[in-house]
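In what follows, a single structure is set out as structure tokens and then discussed.
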Amino acid sequence: MPSKEMLLLSSPASLIRAYPFLVVFFQNQPINLLKNEHLKLLHILKEIEEEGSEDTVFEGGHFVDQLQEYILQMEEFSGISSQRVESLTVMPGKDKSGEAENFDALHFRKSTITSIVGPTGSGKSRLLADIEWVAQADTPTSRTILVNNSKPSSDWRFASGKKLVAQLSQNMNFVMDLTVKEFLELHASSRMVANAAQIIDRIIDAANELAGEKFKADTPITSLSGGQSRALMIADTAMLSSSPVVLIDEIENAGIDRKKALEILTGEEKIVLMATHDPILALMADQRIVIKNGGIHKVIQTSAAEKAMLTQLEESDKKMQKLRTMLRSGEAFETLYL
Amino acid sequence: MNLITISGPPSSGKTAVIIKTAESLKMRGIKIGAVKFDCLATEDDIAYEKAGIPVKKGLSGQLCPDHYFVSNIEAVLDWGLKEEFDLLVSESAGLCNRCSPYIKEIKAVCVIDNLSGINTPKKIGPMLRMADIVVITKGDIVSQAEREVFAARVHAVNPTAIVMHINGLTGQGAYELSTLLYDQDQRVNSLKGKKLRFSMPSALCSYCLGETRIGESYQMGNVRKMNLEEK
Ligand SMILES: Nc1nc2c(ncn2[C@@H]2O[C@H](COP(=O)(O)OP(=O)(O)OP(=O)(O)O)[C@@H](O)[C@H]2O)c(=O)[nH]1
Ligand SMILES: [Mg+2]
């Protein structure tokens, strides 16, 4: 990490050359430090201080501290994100009545799906919060979370660019006024990915495969249909989110191919956790955990018999979907169809 | 007693986050009091009372809420000491982006929400830049991508802060915040001699003092003119 003295003796231009990610940092300063980008920071800061304008909220010493910290964190961040999360492990804690949870160690591996079932208020959110906070026996459940089978770095808690869990839920909306392409470019630039254009194309293709009706790169995100928005959110989270774990809170059974959605996520090596009350989704998972009274009550591996049942369920689901479409378009049902 | 200053733009979720966090703290037997500084009106005192948190409110009226805060915080601290709270939370309105209600050595939290737009972090001054902890709320209504972009902007504006995502409605993340707020060994018995982290907005022109008439001759004190020539 560069010392403060060294930073002060460098110019903004040379710093940006050495650390391209600093563009964002300089852009987010309340004062334009790039006006004389070839002058040494020391001189630029001195000049600002001499001007002493009251209306700019800027303090040189604080700025240099923050600059140094930003470089440190961004360098660490790029180092760590190359180190993949292969698995998460939950070590048992206790339920609401203080009873120990009855399992040895619960593993979530990359490219696998775990469904989480249990009534509302049973403790699903607490489990997810334990994972997000990489609990170390220091939450109300006393659970411990391991990353790649060992005690995780506290960065997973505190580093801002480094969150374990990405979330997808039905209440989420796009609130920005951008086209699909602009939106994905913005996301890609905040992640500083190298091959942005290529990833963006892949995301749009994947999303179009998930949603029935196709959209284009120049479609405004706020005008996407419900199914298209969800499809874009899933594809974007799969391919551009830095978080190794994706938590899904139900996927609505309309306007989107749910099986493909899960395939895209596992294909991108995500650890997928899915809270659901839908038997089809639950059986698409490799295992399911049953939550009761604040604790993990049971872990069930999806059996061969259950997988066979899934095929039947999907068949009848298709029929229901088809009937819905017919109903919407005002057709009469042909009895022979069932 | 611990003192914490919490600030952030209007309706960003400050009260919601404080109340959810207080629930976790109370379970640990920590006694909490709150004070709300606002400008014209607030219903926050009712919300705190409903949550069983003793509260005082101060309305600055014509004054800048920050100035009002700094001239009253000592007395408020004395109230907290008298009530024997373990933790006193001060919530400030954060009405202008130039607000700066933080005190050196007193934990400072800024609450900002995902709906405010990705260019907002840059526009907020010391309230965000000088905070120790930044809480981002309303992540439940925007997409994962928007959350990540917003957090990256906050990080660029304040790389030293701990950034937490909290849902003010369900309280998800509030337990975790509670573990960072209360420090058993911290004792704030007086603020005398302590300093603000950054100077407050200067508000000393005739209009600050109630002038309503428009015209050069009514403009007195700290007045500055726009430059309409410069390109
Ligand atoms: N969906 C959602 N709503 C939230 C969240 N946090 C707060 N809110 C809602 O946002 C509104 C404003 O929350 P408050 O806690 O009153 O905000 P505040 O910052 O204290 O507001 P002032 O003190 O008036 O400036 C309320 O209706 C909250 O219920 C959140 O994480 N998600
Ligand atoms: Mg409030």
Side-chain angles (χ1 to χ4, degrees), chain A residues 21 24-30 54-59 62 65-74 125-126 128-129 132-133 135 138-140 157-161 163 166-169 171-176 183-184 186-187 189-192 221 229 232-233 236-237 240-243 246, chain B residues 24 27 97-100 114-119 121-130 133-134 136 138-165 167 170-176 179-180 197-199 201-202 222 224:
Chain A
F21 53 75
V24 180
F25 182 76
F26 278 106
Q27 278 168 354
N28 279 282
Q29 292 307 314
E54 276 173 32
D55 51 332
T56 39
V57 181
F58 187 84
E59 204 246 304
H62 184 247
D65 289 347
Q66 300 277 52
L67 174 64
Q68 192 186 27
E69 183 67 24
Y70 193 74
I71 294 174
L72 174 75
Q73 289 184 14
M74 293 305 269
S125 314
R126 186 62 250 166
L128 298 164
E132 266 189 298
W133 189 239
D138 56 357
T139 65
R157 268 188 195 185
F158 298 128
S160 135
K163 296 284 172 209
Q167 292 198 35
L168 288 166
S169 91
N171 301 335
M172 288 172 185
N173 289 295
F174 291 121
V175 294
M176 281 181 197
F183 177 75
L184 294 173
L186 184 67
H187 191 192
S189 73
S190 85
R191 288 283 330 282
M192 300 178 303
I221 47 172
S229 297
L232 181 59
M233 281 183 204
D236 166 81
T237 301
L240 259 184
S241 168
S242 56
S243 304
V246 178
Chain B
S24 297
M27 292 225 256
N97 288 337
R98 173 62 181 81
C99 292
S100 179
N114 271 300
L115 293 178
S116 62
I118 55 164
N119 293 319
K122 176 183 177 170
K123 289 189 241 162
I124 300 181
M127 184 163 77
L128 177 59
R129 289 175 194 273
M130 304 255 165
I133 299 175
V134 178
I136 305 179
K138 305 189 190 175
D140 52 321
I141 23 193
V142 304
S143 66
Q144 175 67 26
E146 285 158 299
R147 276 195 297 281
E148 289 182 16
V149 173
F150 192 81
R153 295 291 170 97
V154 167
H155 182 232
V157 165
N158 185 346
T160 45
I162 291 175
V163 176
M164 315 263 313
H165 297 262
N167 182 328
T170 62
Q172 189 160 359
Y175 170 83
E176 287 74 11
T179 63
L180 304 180
R197 295 193 183 191
F198 203 89
S199 66
S202 48
N222 199 351
R224 202 163 356 92

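Naming convention: chains lettered A, B, ... in sequence-line order (proteins, then strands); numbering from 1 in each chain. Everything quoted here is computed from the prediction, not taken from an experiment.
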Legend entry - Rounded distance [0.5 Å steps], CZ in B/Arg147 versus OG1 in A/Thr237: 7.5 Å
Inset, instruction - Go through the atoms of A/Ser189 and report whether side chain, backbone, both or neither lie under 4.5 Å from a heavy atom of chain B. - result: neither
Inset, instruction - With a 4.5 angstrom heavy-atom cut-off, could you sort out which part of A/Ser241 is near chain B: side chain, backbone, both or neither? - result: both
Legend entry - Residue selection (most heavy-atom pairs with chain B, distance under 4.5 Å) from A/Arg157, A/Met172, A/His62: A/Met172
Legend entry - Contact origin within B/Ile136 toward chain A - heavy atom pairs under 4.5 Å: neither
Inset, instruction - Against chain B, work out which of A/Leu186, A/Leu67, A/Val24 has the most heavy-atom pairs shorter than 4.5 Å and name it. - result: A/Leu186
Legend entry - Approximate separation, where rounding is to 0.5 Å, of B/Ile118 CD1 and A/Asn28 CG: 9.5 Å
Legend entry - Considering all heavy atoms, the nearest B/Phe198-A/Phe58 contact: CZ-N, 3.7 Å
Inset, instruction - Could you list the residues that satisfy ring-ring contact (aromatic ring centres under 6.0 Å, His included) with B/His155, not counting sequence neighbours? - result: A/Tyr70
Legend entry - Shortest non-hydrogen contact between B/Thr179 and A/Trp133, atoms and distance: OG1-CZ2, 3.9 Å
Inset, instruction - Please answer whether the main-chain N or O of B/Arg129 pairs with a side-chain N or O of A/Gln66 as donor and acceptor at a distance below 3.5 Å. - result: yes
Legend entry - Per-residue contact mode, A/Glu132 against chain B (heavy atom under 4.5 angstrom): side chain
Legend entry - Heavy-atom closest pair, residues A/Leu128 and B/Gln172: CB-NE2, 4.3 Å
Inset, instruction - Could you check A/Met233, A/Lys163, A/His187, A/Gln167 and say which one makes a side-chain contact (heavy atoms from CB on, under 4.5 Å) with B/Gln144? - result: A/Gln167
Inset, instruction - Between chain A and each of B/Asn114, B/Val163, B/Ile141, B/Ile162, count heavy-atom pairs under 4.5 Å; write down the option with the most. - result: B/Ile141
Legend entry - Residue among B/Gly125, B/Ala145, B/Pro126, B/Ala152 with most heavy-atom pairs under 4.5 Å to chain A: B/Ala145
Legend entry - Engaged part of B/Asn119 at the chain A interface, taking heavy atoms whose separation is under 4.5 Å: neither
Legend entry - Interchain contact, B/Ser100 with chain A, by part (heavy-atom threshold 4.5 Å): neither
Inset, instruction - Please look at B/Met164 and chain A and tell me whether the side chain, the backbone, both or neither of the residue comes under 4.5 angstrom of a heavy atom of that chain. - result: side chain
Inset, instruction - Enter the distance from A/Ile221:CD1 to B/Ser143:OG here, rounded to the nearest 0.5 Å. - result: 6.5 Å
Inset, instruction - Heavy-atom pairs under 4.5 Å with chain A are the metric here; pick the option from B/Val157, B/Val149, B/Leu180, B/Ile124 that has the most. - result: B/Val149
Inset, instruction - Using ring-ring contact (aromatic ring centres under 6.0 Å, His included) as the criterion, list what pairs up with A/Phe174, not counting sequence neighbours. - result: A/Phe183
Inset, instruction - Sort A/Leu240 into side chain, backbone, both or neither according to what part of it lies under 4.5 angstrom from a heavy atom of chain B. - result: backbone
Inset, instruction - Identify the heavy atoms of A/Arg191 and B/Glu148 that sit nearest to each other, and give their distance. - result: CD-OE1, 4.0 Å
Legend entry - Which atoms of B/Glu176 approach chain A - backbone, side chain, both or neither, heavy atom under 4.5 Å: both
Inset, instruction - Return the option, out of B/Ile133, B/Thr170, B/Asp140, B/Val154, with the maximum number of heavy-atom pairs under 4.5 Å with chain A. - result: B/Asp140
Inset, instruction - Tell me, out of A/Pro140, A/Ser125, A/Ser169, A/Ser243, who's got the most heavy-atom pairs with chain B below 4.5 Å. - result: A/Pro140
Legend entry - Point-to-point distance, once rounded to the nearest 0.5 Å, from CD of A/Glu69 to CG of B/Asn158: 9.5 Å
Inset, instruction - Please flag which part of A/Asn171 lies under 4.5 Å from any non-hydrogen atom of chain B: side chain, backbone, both or neither. - result: both
